[in-house]
Amino acid sequence: MEATSSGLWPGRRRALHTGSHMANARLGQPSIAALKRTYPGIMRRLTEIRRNSDRFLRSFAVAPLVAACVLATVPALAQIQGAALVRHPHPGVLTWGTELKFWPLAGGPPKSLKQGTGFGPGGCVADVDGDGLDDLMVQERPGSGAFLWLRAPRWEQRVIERETEFRDCLPFEFDGHKGVLVPHFNAQLRLYEYPRQRDGKWIYSEIYSIYTASKQGGLVSFDVDGDGLPDLFIGNYWMRNPGKWDLPWRLFNMNTFFDKPDAALARQAIYRRPGRAKPDLLWAESEAAPARFALLERPEDEQQAWPAQLVEPAPDHPRALLVLESQPGEWPPILVGAEDGLRQYTRAVNAWRMSKLWTGAPVLALFRAGGSLLVVTPQRVERLALPLYRRK
């Protein structure tokens with residue numbers, strides 16, 4: 001029903017990347033040796049064609065058929081668009097894109113849950129129907145399309161909204177109304193309430209319509225003004241929770257990074273500097289190269305603009321932020337998942353210092369799992385060891 005208003009996985013190989021002291025475990029990919037074992041006749045024929053130009057000329061008409069056979073029999077790698085941590089029934093990472101997959105934290109191979117999909121990057125998990133299992137709410141496809149509820153454990157899909165577009169969603173409860181927040185078409189913040197019955201309608205309510213030149217993203221819930229109510233960070237703004245359902249939310253501008261259509265599709269994280277009672281906000285322009293990456297310093301009056309301290313060198317497409325624990329009196333180190341892999345930013349002598357920790361692939365998401373870091377790339381989930389001096 002659509003809405004109405006109102007040592008992780010087997011098959012891995014060990015590697016140590018240049019410039020990094022962090023070992024990683026990655027899922028095995030089809031190698032030339034594996035292809036030779038699986039398709040010996042085809043691979044021998046391709047080798048003959050490559051090494052013997054005279055025979056290649058005589059076999060020119062056959063080569064396309066052989067290549068087509070290889071392409072047809074070797075499965076394409078799944079393309080991951082988004083990911084989330086799940087806890088129930090088992091802890092792990094849920095990834096979606098061309099395939100819905102579960103990567104268990106306890107070890108064992110990843111499990112394919114649904115194939116032949118084309119989900120977009122926007123998605124989040126929550127127990128929608130109260131059965132104790134984490135469900136998935138996700139974009140039907142990249143760009144404009146349906147907003148879907150996939151109910152665990154069979155992952156049957158139902159339509160929440162027939163047409164929308166968003167990069168982020170966030171489970172949220174407000175004055176007795178429980179549901180999921182979505183920036184409808186990246187501008188109109190809506191709360192879609194969970195249906196009271198499994199086959200019931202999803203009812204949405206308008207929270208705020210943002211009229212800005214840039215799309216808005218990066219939903220984070222946090223009590224900004226200290227009144228005990230969860231406020232919201234979204235794009236260029238923070239939104240004050242009124243506490244009552246029938247009262248309006250208030251919108252406060254933090255920065256003016258809306259000069260491009262995708263500028264405010266941000267990644268955000270709470271950041272606590274030493275000696276300050278209230279935290280600041282890390283803000284990264286996820287769709288730019290190079291991107292704006294800034295520490296937004298909370299002013300005395302949080303309803304005023306938050307001064308931006310740029311963090312450099314700027315990354316390309318920073319789509320994941322994770323703040324680590326710090327030593328007493330130190331600024332916490334920041335992990336950034338970007339186009340060139342995993343970066344760490346530390347503060348020393350009034351300047352930021354960047355080091356590349358891992359350069360295996362673009363990074364889409366970062367999660368903590370004990371003393372390990374889970375890194376989601378477009379093809380797989382990596383497990384890296386956190387720096388020893390930062391572990392709890």
Side-chain angles (χ1 to χ4, degrees), residues 2-3 78-86 93-102 113-114 117-126 128 134-152 155 157-172 179-194 202 204 206-210 212 214-221 232-237 239 261-269 283-288 317-321 337 362-367 376-378 381:
E2 63 186 272
Q79 184 76 15
I80 296 172
Q81 291 280 351
L85 272 181
V86 294
V93 177
L94 190 69
T95 61
W96 59 85
T98 56
E99 184 179 0
L100 183 64
K101 220 168 193 179
F102 175 74
L113 304 176
K114 194 177 184 70
T117 62
F119 298 134
C124 52
V125 297
V128 172
D134 289 325
D135 306 313
L136 174 65
M137 294 163 285
V138 68
Q139 283 180 295
E140 179 185 31
R141 59 178 179 268
S144 178
F147 182 27
L148 304 176
W149 168 31
L150 274 68
R151 180 175 174 268
W155 307 103
Q157 65 185 45
R158 292 180 174 86
V159 175
I160 300 172
E161 176 67 68
R162 189 157 297 281
E163 188 167 6
T164 186
E165 183 179 357
F166 62 94
R167 183 59 58 87
D168 302 281
C169 60
L170 178 70
F172 193 75
V180 59
L181 289 168
V182 173
H184 179 55
F185 285 106
N186 301 297
Q188 192 178 53
L189 189 62
R190 292 178 171 182
L191 178 69
Y192 289 84
E193 294 188 56
Y194 301 151
W202 289 70
Y204 73 81
E206 306 289 353
I207 302 298
Y208 209 102
S209 293
I210 302 173
T212 305
S214 175
K215 302 173 184 177
Q216 301 291 306
L219 279 169
V220 173
S221 176
L232 295 169
F233 291 109
I234 177 172
N236 305 117
Y237 306 92
M239 298 178 60
D262 294 338
L265 287 175
R267 285 290 170 261
Q268 302 171 340
W283 197 97
E285 188 180 7
S286 67
E287 300 308 303
H317 300 294
R319 296 199 171 104
L321 299 178
V363 176
L364 304 178
L366 295 171
F367 303 109
V376 181
T377 76
V381 178

Keeping Thr117 on the side-chain end and Glu99 on the backbone end, is there a donor-acceptor pair under 3.5 Å? yes
Asn186 side, atom CG; Glu165 side, atom CD - distance, nearest 0.5 Å: 5.0 Å
Would Leu85 and Val93 count as a side chain to side chain contact (heavy atoms under 4.5 Å, CB included) here? Give the steps. CA-CA 5 Å; Leu85 272 181; Val93 177; 3.9 Å; yes
Smallest heavy-atom separation, Val138 atom then Gly120 atom, equals CG2-O, 4.1 Å
Please evaluate residues Leu189 and Ile210 with respect to the criterion side chain to side chain contact (heavy atoms under 4.5 Å, CB included), reporting the C-alpha separation (whole Å), side-chain torsions for both, the decisive distance (0.1 Å), and the verdict. CA-CA 8 Å; Leu189 189 62; Ile210 302 173; 5.6 Å; no
Short question: side chain of Trp96, backbone of Gln81 - any donor-acceptor pair under 3.5 Å? no
Heavy-atom closest pair, residues Leu366 and Gly337: CD1-N, 3.8 Å
Test salt bridge (charged side-chain N to carboxylate O under 4.0 Å, His left out) on Arg190 and Glu161 and set out the steps. CA-CA 11 Å; Arg190 292 178 171 182; Glu161 176 67 68; 3.1 Å; yes
Would the Tyr237 and Tyr208 ring centres measure less than 6.0 Å apart? no
Let me confirm one number: the CG-CD1 distance from Leu148 to Ile160, rounded to the nearest 0.5 Å. 7.0 Å
Shortest non-hydrogen contact from Ser214 to Ala264? OG-N, 2.8 Å
Tell me if a side-chain donor or acceptor on Asp168 pairs with a main-chain N or O of Gly218 at a distance below 3.5 Å. yes
Tell me whether Thr164 contacts the main-chain N or O of His184 through its side chain, where contact means a donor paired with an acceptor under 3.5 Å. no
CG of Asp135 to CH2 of Trp155, rounded to nearest 0.5 Å, is 6.5 Å
With no hydrogens and no angle check, is any side-chain donor or acceptor of Ser286 less than 3.5 Å from a backbone partner on Leu265? yes
Heavy-atom closest pair, residues Cys124 and Val180: SG-CG2, 3.7 Å
Can you spot which of Arg267, Lys215, His317, Arg319 makes a side chain to side chain donor-acceptor pair (under 3.5 Å) with Glu287? Arg319
Taking the side chain as C-beta and beyond, is there a heavy-atom pair between Thr377 and Leu364 under 4.5 Å? no
Non-hydrogen side-chain atoms of Glu163 and Phe185 separated by less than 4.5 Å: yes
For Gly235, does its backbone N or O pair with a side-chain atom of Gln268 as donor and acceptor, under 3.5 Å? yes
Might you work through the side chain to side chain contact (heavy atoms under 4.5 Å, CB included) test for Leu94 and Leu113, ending with a clear yes or no? CA-CA 10 Å; Leu94 190 69; Leu113 304 176; 3.6 Å; yes
Search all heavy atoms of Val363 against all heavy atoms of Ala320 and return the closest pair with its distance. CG1-CB, 4.5 Å
Rounded to the nearest 0.5 Å, what separates atom CG in Leu181 from atom CZ in Phe166? 11.5 Å
Side chain to side chain, Leu232 and Leu170, heavy atoms closer than 4.5 Å: yes
Flag side-chain contact, heavy atom, 4.5 Å: Lys114 against Gln157: yes
Closest non-hydrogen atom pair between Ala126 and Pro171, with its separation: CB-CG, 3.9 Å
Checking Arg151 now: which residues fulfil salt bridge (charged side-chain N to carboxylate O under 4.0 Å, His left out) with it, not counting sequence neighbours? Asp129, Asp131
With Tyr204, the ring pair (Phe, Tyr, Trp, His ring centres under 6.0 Å) member among Phe147, Tyr192, Tyr194: Tyr192
Less than 4.5 Å apart, any side-chain heavy atom of Gln139 and any of Phe119? no
